[in-house]
Amino acid sequence: MSSAPISNAAHQPGWFATERKDPWYVSPLAIGALLLAFVVYSTAVGLIGGYHWLNGTGYLSPFYSPEIYGWGPHAIWQGAPGFWPEWLAKVLPFSSAFLILAVPAGFRLTCYYYRKAYYRSIWLDPVGCAVGEGRKTYWGENQLPLILWNAHRYFLYLAIIVGFILLYDGIKAFWFPVDAAGKQFLWTVGGKAVEGAAYVRTTLDPTHEAGWKFGIGLGSIILIINPLLIMGYTFGCHSLRHLVGGRKDRFGPTPCGQYKAWRFVTWLNEHHDKWAMGSLVWVGFTDLYVRLCAAGVWHDVMIYSPFAK
Ligand code: FES
C-alpha cells in the first residue's frame, strides 16, 4: 500500500501569511464582530441604569439581575448603595448592573471556548490554523496576566448561582401584578404610571400590588428561554466536566449517579460553542426586548391574559 503525503498548509511567518485557500477569515471576522457588538451593547445598557424592567409585568432584564441595589419593584434595597461615594456618583451614576455584570463577564472571558474565539478574532493570536501571527514567542497562560484565567472555576460557582436566579426570573415572568379588583397593577411615580425617564433612577410611590396572577406574554417566553440557554452553556463547562467526573480513570461497573451526571455534562460540552454563542445572543435579545417595551418602542404581546376586564 502506498502512503500519500499528508497535505499540510505550511505555517508562514508574519500577520495573516498563509497558504490556505479556503475562506478561513469568515469565522473569526463574524465572531469578532458579534463579540465586539455584545461588549459595546452590554456596557451601554449597564451605564444607562434603567429601562430594565417592564411596568405591569414581572419582567426583569438579565443584565440587572439579581438587582441588589436599585430603583424599581425588583430591587432588594432601594436606591444607590451607601458605599457608592458622592464624588463617584457625579461622574458615574450608580447602576444596578454594576454589581452583577462582572460575574457573567468574568465567566465568559475566562471560558475555554471564548478564549479560543477572542484569541483568534480580537487578538489575532493566532487568527487561524496555519495562518501567520505577529508574535514570535509563546508565553502560554502560566504567567500574568493570563494566569488569572485559571479563576474560571470560581466564576463557574458564581455563574451557577446566577443561572438559578435567572431561572427564578424566567418563572416570575409568567406572573403579573394585579390590584384588589384583579386588574393589571401599575407601579407609579408621583401618582403616574412609570414610563419614559421615570424608569431611570426614580423612587417608586409606596403603593403595592394586591397579588400576582399567572399569565403568558411574549416576554414570559423570551425570559424563560434565557436561563435554559445559559444553563445549557454553564452546565457544559469544561471545568464542571472535570469537577463532576473528569478526575476518574473509570467509573464502576454499574452506571452510578456520578457517571450519569458526567454523561450529561459531556453531552452539553460537545456543543459548548453553540451554547456559548446562542446564550450570548439570547441574553442580549432578552434585555433588548424588556428595554424596548419599557421605552414604549415595542409592546408586549399577551398570549394568555390574567387580568380582569
Ligand atoms: Fe466555557 Fe467553562 S469552559 S464555561
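One-based numbering, in listed order, for ligands and for the atoms of each. The first residue in the sequence is number 1, and the count goes up from there. Because only heavy atoms are used, hydrogens play no part in the values below, and waters and symmetry mates are left out as well, while side chains stay in.
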K.L.:
Check which hydrophobic residues are tied to Ile161 through side-chain heavy-atom contacts below 4.5 Å, counting indirect links as well, and list them.
P.N.:
Ile165
K.L.:
Would Arg108 pass as a cation-pi partner of Tyr233, given that its NZ or CZ must be under 6.0 Å from the six-membered ring centre and within 45 degrees of the axis?
P.N.:
yes
K.L.:
Does Pro306 reach the side chain of Val178, with side-chain heavy atoms less than 4.5 Å apart?
P.N.:
no
K.L.:
Will you find, in the side chains of Asp300 and Tyr289, an N or O donor that is under 3.5 Å from an N or O acceptor?
P.N.:
yes
K.L.:
Counting only protein atoms, how many N/O/S atoms are less than 2.8 Å away from atom 2 (Fe) of ligand 1?
P.N.:
2
K.L.:
List in chain and number order the residues that pass ring-ring contact (aromatic ring centres under 6.0 Å, His included) with Tyr51, two or more places apart in sequence or in another chain; answer none if no residue qualifies.
P.N.:
Tyr199
K.L.:
Salt bridge (Lys or Arg N to Asp or Glu O under 4.0 Å): which pairs involve residues 72-98, sequence neighbours left out?
P.N.:
none
